[in-house]
Enquirer: 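Please see the structure below; I have some questions.
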Amino acid sequence: MNFDFSEDVGAMREEVRRILSDKFPRGEVRQAVDAGRRFDRDFWALLGEMGWLGVAIPEEHGGSALGYEALCMIAEEVGAALPPVPFISTILAAEALTLFGSDAQRAKWLPRLATGEAVGCLALAGELPVVDGDIADIAIVARDGDLWLVELDQPGVVREPIEALDAVRTSVRLTFTAAEKLSGDLSRFLDRAAILVAFEQVGGTRAALDMAVGYAQERYAFGRAIASFQAIKHKLADIYVALELARSNAYYGAYALEDEADLPVAASAARLAASEAYSLAAKENIHTHGGMGFTWESDCHLHYRRARELAVGLHSSRYWRDRLISHLDKAAA
């Protein structure tokens, strides 16, 4: 049995990674934030042209229909690079419409989401900030056990900018007066969203570990690289173990996106492992860099901010832990 992505997706990964690294080398994202460029519209349009935004959208609605394997891989690479584009927000909106939208809703919005002409966002009911809500054209709202579609250019929509932890992505508090109900199961959507976000977290974990390893090999203290110190080795080893655990659970989740029999368990496990791994990696990356890691001029804080925001964006770890235990108990019974 093959537990890795296909050769085609592996080859595609190299191209995706090259494009992201060329466009956003170390320090470029931070410089874009400094300059107020939190949405790179030109790069966003390029993503649409290359088909990255439509890999899981049916061909009849303008997508490339390459499948969830390709989508999960792209989400991982985007999570590592942190480009200033609303990728995961738009992907989740497209996923909700693909699964639960009416024919008219899919025909109207999916082609535009696939090409990058439109931007989507996800809003959970309550006081959570709506990430990318200031630049989105539609919002998928999860409320009272249901999913709703809100077109954000209609009268009655108010977007109040708020200061969020993530330095790269903007957030708003969203209020509206009209919405269209989607015919879908909220729990099923959240499970699928959790898996896609888990891949973003896996990518971020990998990037934070790479940053920590690279710095530890270059930074010398007491006449030798700090990577040779046992305390640093232990930190990096712990991150690596957490990363591999998160990756294996995320891959299990990618399988469950196609075969939903294991979806609740796979989503909960992926969500928990990825959140814990990214939080650990982001924190220990800062510690490995020492005092420099706490400064704005270091990129460490970008991953720390993203890790903390993603950890609460789709409910807390307690929610997913309780969900996992509940489904395991049912299976055992």
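Index from 1, following the sequence.
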Enquirer: Heavy-atom count around Arg308 CZ within 6.0 Å, excluding the residue itself: above 12?
Expert: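 Counting other residues, nucleotides and ligands, CZ of Arg308 stays at 12 neighbours or fewer.
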Enquirer: Below 30° counts as parallel, above 60° as perpendicular, anything between as tilted: where do the rings of Phe189 and Phe100 land?
Expert: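 Aromatic pair Phe189/Phe100 classed perpendicular.
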Enquirer: Are Ile286 and Tyr278 connected, step by step, through hydrophobic side chains (Ile, Leu, Val, Met, Phe, Trp, Tyr) whose heavy atoms are closer than 4.5 Å?
Expert: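 No; tracing contacts between hydrophobic side chains, which count when under 4.5 Å, never links both residues.
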Enquirer: Counting distance only, does the side-chain N/O of Ser228 pair as donor-acceptor with the main-chain N or O of Ala225 below 3.5 Å?
Expert: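 Indeed, once roles are kept as given, a pair shorter than 3.5 Å links the two residues.
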Enquirer: Are Ile19 and Phe43 packed together at the side-chain level, in the sense that at least one heavy-atom pair is separated by less than 4.5 angstrom?
Expert: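 Yes. Closest side-chain heavy atoms under 4.5 Å.
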Enquirer: Testing the basics here: between Ala80 and Arg206, what is the closest heavy-atom pair and its distance to 0.1 Å?
Expert: CB-NH2, 3.4 Å
Enquirer: Examine distances only and state if a side-chain atom of Thr90 and a backbone atom of Gly120 form a donor-acceptor pair shorter than 3.5 Å.
Expert: yes
Enquirer: So Leu190 and Trp320, do their side chains get closer than 4.5 Å, heavy atoms only?
Expert: yes
Enquirer: Out of curiosity, does Leu82 fall in the hydrophobic cluster containing Val213 (side-chain heavy atoms, cut-off under 4.5 Å, transitive links)?
Expert: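 Unlinked, Val213 and Leu82 end up in two clusters.
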Enquirer: Working to the nearest 0.5 Å, report the span between CE of Met73 and CD of Glu14.
Expert: 9.5 Å
Enquirer: Heavy atoms only: give me the nearest His303-Gly204 pair and the separation to one decimal.
Expert: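 Heavy atoms only, the tightest pair is ND1-O, 3.8 Å.
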Enquirer: Do Glu260 and Arg188 come within less than 4.5 Å of each other through their side chains, counting heavy atoms only?
Expert: yes
Enquirer: Given side chains that start at C-beta, do those of Ile138 and Leu97 come closer than 4.5 Å, heavy atoms only?
Expert: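 In short, these two side chains touch, coming nearer than 4.5 Å.
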Enquirer: I'd like to know if Lys23 and Glu77 make a salt bridge, using a cut-off of under 4.0 Å between side-chain N and carboxylate O.
Expert: no
Enquirer: Report yes or no: does Gln154 contribute a side-chain atom to a donor-acceptor pair with the main-chain N or O of Ala178 at less than 3.5 Å?
Expert: yes
Enquirer: In Å, rounded to the nearest 0.5 Å, how long is the span from CH2 of Trp52 to CG of Leu46?
Expert: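 Trp52 CH2 to Leu46 CG: 7.5 Å, rounded to 0.5 Å.
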Enquirer: Enter the distance from Ser317:OG to Asp322:CG here, rounded to the nearest 0.5 Å.
Expert: 10.5 Å
Enquirer: On a heavy-atom basis, which atom in Ile135 and which in Pro86 lie closest, and how many Å separate them?
Expert: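 Nearest pair, atom of Ile135 first, then Pro86: CD1-CG, 3.9 Å.
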Enquirer: Are Val158 and Leu174 grouped together when hydrophobic residues (ILVMFWY) are joined by side-chain heavy atoms under 4.5 angstrom apart?
Expert: no
Enquirer: So which heavy atom on Arg271 is nearest to which on Val312, and how close?
Expert: NH2-N, 3.8 Å
Enquirer: Using a cut-off of 6.0 Å, state whether more than 12 heavy atoms not belonging to Glu163 lie near its atom CD.
Expert: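 At most 12 heavy atoms, drawn from other residues, nucleotides or ligands, come within 6.0 Å of this atom.
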Enquirer: Give the ring-plane orientation class for Phe199 versus Tyr251, where under 30° counts as parallel, over 60° as perpendicular and anything between as tilted.
Expert: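 Aromatic pair Phe199/Tyr251 classed parallel.
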Enquirer: Given Met12 and Ile74, is the side-chain contact (heavy atoms from CB on, under 4.5 Å) satisfied, shown in steps?
Expert: CA-CA 9 Å; Met12 184 179 176; Ile74 295 173; 3.7 Å; yes
Enquirer: Taking the inter-plane angle between the rings of Phe39 and Trp44 on a 0 to 90° scale, is it parallel (under 30°), tilted (30 to 60°) or perpendicular (over 60°)?
Expert: perpendicular
Enquirer: May I ask you to decide whether Glu60 forms a salt bridge with Arg106, counting only side-chain N to carboxylate O separations under 4.0 Å?
Expert: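 No, no charged N to carboxylate O under 4.0 Å.
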Enquirer: Nearest 0.5 angstrom please: His287 NE2 to Cys300 SG, how far?
Expert: 10.5 Å
Enquirer: Which atoms form the tightest heavy-atom contact between Gly133 and Leu152, and what is the distance?
Expert: O-CD1, 4.2 Å
Enquirer: Taking only Lys NZ, Arg NE, NH1 and NH2, and the carboxylate oxygens of Asp or Glu, determine whether Arg306 and Asp166 approach each other closer than 4.0 Å.
Expert: yes
Enquirer: Considering only heavy atoms from C-beta outward, does the side chain of Thr98 approach that of Leu110 to under 4.5 Å?
Expert: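 The answer is yes, as the side chains (C-beta and beyond) meet within the 4.5 Å cut-off.
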Enquirer: Could you go through Val141 and Val130, starting from their C-alpha distance and side-chain angles, then the distance that decides it, and tell me whether this counts as side-chain contact (heavy atoms from CB on, under 4.5 Å)?
Expert: CA-CA 10 Å; Val141 179; Val130 180; over 6 Å; no
Enquirer: What I'd like to find out is whether the side chain of Leu182 reaches to under 4.5 Å of the side chain of Ile140, using heavy atoms alone.
Expert: yes
Enquirer: Between Arg192 and Tyr68, is NZ or CZ placed under 6.0 angstrom from the six-membered ring centre and within 45° of the ring axis?
Expert: yes
Enquirer: Quick check against the 3.5 Å criterion: does Ser21 have a side-chain atom that pairs as donor or acceptor with the backbone of Arg18?
Expert: yes
Enquirer: Look at the side chain of Thr115 and the backbone N and O of Pro111, then say whether any donor-acceptor pair between them is shorter than 3.5 Å.
Expert: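 It does hold such a pair.
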Enquirer: So Glu76 and Arg17, salt bridge (Lys or Arg N to Asp or Glu O under 4.0 Å) or not? Walk me through it.
Expert: CA-CA 10 Å; Glu76 180 181 342; Arg17 188 174 294 180; 5.2 Å; no
Enquirer: Decide if atom OH of Tyr220 counts as having more than 12 heavy atoms of other residues, nucleotides or ligands within a radius under 6.0 Å.
Expert: no
Enquirer: Taking the six-membered ring for Trp, is the centroid-to-centroid distance between His301 and Trp296 below 6.0 Å?
Expert: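 Yes, close enough.
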Enquirer: Can you tell me how far CZ of Arg26 sits from CG of Leu302, rounded to the nearest 0.5 angstrom?
Expert: 10.0 Å
Enquirer: What verdict does the side-chain contact (heavy atoms from CB on, under 4.5 Å) test give for Val265 and Leu324, after you've listed the backbone C-alpha separation in whole Å, the side-chain angles of each residue and the deciding distance to 0.1 Å?
Expert: CA-CA 6 Å; Val265 171; Leu324 177 60; 3.8 Å; yes
Enquirer: Checking the side chain of Arg38 only, and the main-chain atoms of Val33 only, is there a donor and an acceptor separated by less than 3.5 Å?
Expert: no
Enquirer: Spell out, as yes or no, whether a donor-acceptor pair under 3.5 Å connects the side chain of Asp185 to the backbone of Ser187.
Expert: yes
Enquirer: Do Asn285 and His289 pair up side chain to side chain, a donor and an acceptor below 3.5 Å, judged on atom types alone?
Expert: yes
Enquirer: Apply side-chain contact (heavy atoms from CB on, under 4.5 Å) to the pair Glu276 and Leu245, showing each step before the final yes or no.
Expert: CA-CA 10 Å; Glu276 292 176 7; Leu245 178 62; over 6 Å; no
Enquirer: Would you mind reporting whether Ser268 and Leu328 have side-chain heavy atoms less than 4.5 Å apart?
Expert: no
Enquirer: Mind listing the closest non-hydrogen atom pair of Glu200 and Arg169 along with its distance?
Expert: OE2-NH1, 3.9 Å
Enquirer: How long is the gap from OG1 on Thr288 to NZ on Lys283, to the nearest 0.5 Å?
Expert: 11.0 Å
Enquirer: Look only at the side chain of Thr295 and the backbone of Met292, and say whether a donor-acceptor pair between them is shorter than 3.5 Å.
Expert: yes
Enquirer: Within a reach of under 6.0 Å around OH of Tyr304, are more than 12 heavy atoms found that belong to other residues, nucleotides or ligands?
Expert: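 Not more than 12 within 6.0 Å, no.
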Enquirer: Can you confirm whether Leu243 sits close enough to Val202 that some side-chain heavy atom of one is under 4.5 Å from a side-chain heavy atom of the other?
Expert: yes
